[in-house]
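The shown structure was predicted, so the numbers you read here are calculated from the model rather than taken from an experiment.
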Amino acid sequence: MKSYIWLQTVDGSIQQVEQEIAMFCPMICHEVIQKGMGSSKNYAISLPQQVNPAMLSLILEYCRFHQVPGRSNKERKSFDEKFIRMDTKRLCELTSAADSLQLKPLVDLTSRALARIIEGKAPEEIREIFHLPDDLTEEEKLEPLKNATDDPRIRLLNRLYAKKRKELKEREKLKNVEVDEELVDDRSVDDLLSFINGDDGDSKGIKTSKSKKKNRRRKDLLKSTSAHEATKNHNKESNGLNSVCRSAEVGQILPGVGATTNLQDVEDDIFPNKNEFDDGDIDDEIDPTLKEKIDRQR
């Protein structure tokens with residue numbers, strides 16, 4: 001008559017298992033022999049949290065096959081190859097469950113299967129296969145490898161890593177320079193002092209920039225106006241000179257009073273009217289003796 005033991009998985013479910021098969025796991029064997037657990041439902045053996053009902057079913061299937069005596073190595077190898085044909089996630093869970101039950105043959109089998117999966121893969125591909133987070137920095141990824149056997153391939157790889165680390169440092173320096181340039185404070189000393197004293201430095205800085213723009217516009221407007229006025233004055237002077245030249249030619253052809261009158265008219269157009277000046281101001285500045293001579297001449 002077969003004897004049974006009671007096992008409790010992490011979800012709280014309890015099931016009865018043949019003792020001969022369950023004792024194939026060293027952890028369960030220790031609980032039965034050393035602690036006397038599993039004899040009844042009230043004294044069920046609590047399995048590790050890695051062993052859920054699905055993993056326990058797979059482990060019992062493996063134990064049920066391998067605990068039977070008289071099987072050939074070829075039969076065992078064929079069974080093992082078919083047994084581990086599962087997805088990577090399930091294979092990892094089975095490895096963890098078998099390790100918690102100290103079932104070394106199954107741990108070795110699943111570990112070899114995982115090793116074949118990651119063989120020849122890059123670290124990024126391995127992270128993608130096992131859905132591992134990329135928590136390493138760029139510098140940690142480029143750390144030099146240990147080369148106890150002085151392998152030339154590892155030496156070459158370490159040289160490549162050193163070159164990449166140097167490039168990474170140069171990029172970091174350039175980034176820091178760009179950040180420093182972006183953080184340059186264009187405020188004047190007065191704005192900074194007002195900011196330190198608790199004034200609204202930002203609003204003043206905005207007002208200052210606006211007033212600077214207005215002053216620039218005013219200067220540009222004054223420059224354009226003065227240039228326009230200078231052009232007009234130059235045109236007037238040139239027109240006056242041309243009229244003088246024409247009147248002089250007329251005077252040569254028709255000498256006499258008419259020429260004198262034309263020249264006088266041109267002179268009045270070019271030069272300001274004498275009546276516009278204040279005689280009182282001139283008399284105040286002339287010497288008295290010179291003033292008498294001028295009065296006599298009048």
Side-chain angles (χ1 to χ4, degrees), residues 2-69 71-137 140-141 143 145-146:
K2 292 182 180 181
S3 57
Y4 294 89
I5 59 174
W6 297 85
L7 302 177
Q8 183 178 3
T9 54
V10 66
D11 62 345
S13 61
I14 299 174
Q15 56 180 306
Q16 196 176 24
V17 182
E18 297 177 11
Q19 185 175 355
E20 187 179 4
I21 296 173
M23 293 284 283
F24 196 75
C25 299
M27 180 263 178
I28 296 176
C29 182
H30 179 269
E31 290 290 324
V32 171
I33 295 174
Q34 298 294 331
K35 299 182 180 180
M37 299 295 292
S39 58
S40 66
K41 194 173 183 180
N42 295 330
Y43 294 96
I45 299 173
S46 297
L47 299 177
Q49 62 179 0
Q50 293 88 343
V51 185
N52 54 43
M55 292 300 107
L56 179 61
S57 178
L58 285 173
I59 291 171
L60 292 176
E61 180 184 351
Y62 176 84
C63 295
R64 190 174 287 110
F65 180 85
H66 281 276
Q67 65 88 27
V68 177
R71 295 188 185 276
S72 64
N73 291 333
K74 186 177 180 180
E75 290 177 336
R76 295 176 187 274
K77 185 176 181 180
S78 177
F79 173 83
D80 291 346
E81 288 177 356
K82 293 178 182 180
F83 182 75
I84 60 175
R85 289 176 185 172
M86 59 186 72
D87 60 88
T88 307
K89 182 180 179 182
R90 198 176 184 190
L91 192 60
C92 291
E93 290 177 356
L94 181 58
T95 305
S96 179
D99 182 63
S100 65
L101 295 176
Q102 301 172 5
L103 189 57
K104 190 175 184 302
L106 182 55
V107 173
D108 292 342
L109 177 64
T110 54
S111 297
R112 285 195 299 268
L114 291 172
R116 285 194 296 270
I117 291 173
I118 66 176
E119 186 178 5
K121 299 288 192 305
E124 292 78 11
E125 294 175 323
I126 296 173
R127 290 192 187 95
E128 186 176 355
I129 291 171
F130 296 104
H131 305 286
L132 300 174
D134 188 4
D135 56 350
L136 296 177
T137 63
E140 289 175 342
K141 293 177 184 177
E143 285 294 326
L145 303 175
K146 293 181 180 179

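- Every residue two or more places apart in sequence or in another chain that forms a side-chain contact (heavy atoms from CB on, under 4.5 Å) with Q50 is listed here: P48, S96, S100.
- Within the structure, the side chain to side chain donor-acceptor pair (under 3.5 Å) test picks out the following pairs touching residues 79-92 (sequence neighbours left out): H66-D80.
- Under the side chain to side chain contact (heavy atoms under 4.5 Å, CB included) test applied with L103, the options I59, I28, L109 reduce to a single match, I59.
- Under the side-chain contact (heavy atoms from CB on, under 4.5 Å) criterion, V68 pairs with R71, not counting sequence neighbours.
- Taking a 6.0 Å sphere around CD of E128, one finds it holds 12 or fewer heavy atoms contributed by other residues, nucleotides or ligands.
- Contact check for M86 versus L94: side-chain heavy atoms found under the 4.5 Å cut-off.
- Interatomic distance, CZ of R127 versus CD1 of I118, reported as 12.5 Å (0.5 Å rounding).
- For CD of Q49, the number of neighbouring non-hydrogen atoms (other residues, nucleotides, ligands) closer than 6.0 Å is 12 at most.
- Under the side chain to side chain donor-acceptor pair (under 3.5 Å) criterion, D11 pairs with T9, S13, sequence neighbours left out.
- Distance check, rounded to the nearest 0.5 Å: SG of C92 to NE2 of H131 gives 9.5 Å.
- Residue pairs meeting the side chain to side chain donor-acceptor pair (under 3.5 Å) criterion with at least one partner in residues 105-122, sequence neighbours excluded, are T95-T110, K104-D108.
- With rounding to the nearest 0.5 Å, the separation of CD1 in I5 from CD1 in I45 is 4.5 Å.
- Looking at I14 and L7, their side chains never come closer than 4.5 Å, going by heavy atoms from C-beta outward.
- Applying the salt bridge (Lys or Arg N to Asp or Glu O under 4.0 Å) test to residues at least two apart or on different chains, the pairs with a partner in residues 17-31 are K2-E18, E31-K35.
- Proximity of V107 to Q102: side-chain heavy atoms (C-beta onward) are nowhere separated by under 4.5 Å.
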Show your reasoning for whether side-chain contact (heavy atoms from CB on, under 4.5 Å) applies to L47 and L101.
CA-CA 8 Å; L47 299 177; L101 295 176; 4.2 Å; yes
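- S57 pairs by the side-chain contact (heavy atoms from CB on, under 4.5 Å) definition with nothing, not counting sequence neighbours.
- Within the structure, ring pair (Phe, Tyr, Trp, His ring centres under 6.0 Å) pairs that include any residue of residues 99-123 do not occur (at least two apart or interchain).
- With sequence neighbours excluded, the residues satisfying side chain to side chain donor-acceptor pair (under 3.5 Å) with Q19 are S3.
- Taking the side chain as every heavy atom from C-beta outward, V32 and M37 never approach each other to under 4.5 Å.
- Put simply, the side chain of I117 reaches to within 4.5 Å of the side chain of L91, judged on heavy atoms.
- Under the side-chain contact (heavy atoms from CB on, under 4.5 Å) criterion, R64 pairs with I21, L60, sequence neighbours left out.
- With values rounded to the nearest 0.5 angstrom, L58 atom CG is found 10.0 Å from E93 atom CD.
- Between F79 and Y62 there is a side-chain heavy-atom pair separated by less than 4.5 Å.
- Screening residues 3-50 for ring pair (Phe, Tyr, Trp, His ring centres under 6.0 Å) gives no qualifying pairs among residues at least two apart or on separate chains.
- Taking D99 as the reference, nothing meets the side chain to side chain donor-acceptor pair (under 3.5 Å) condition, with sequence neighbours excluded.
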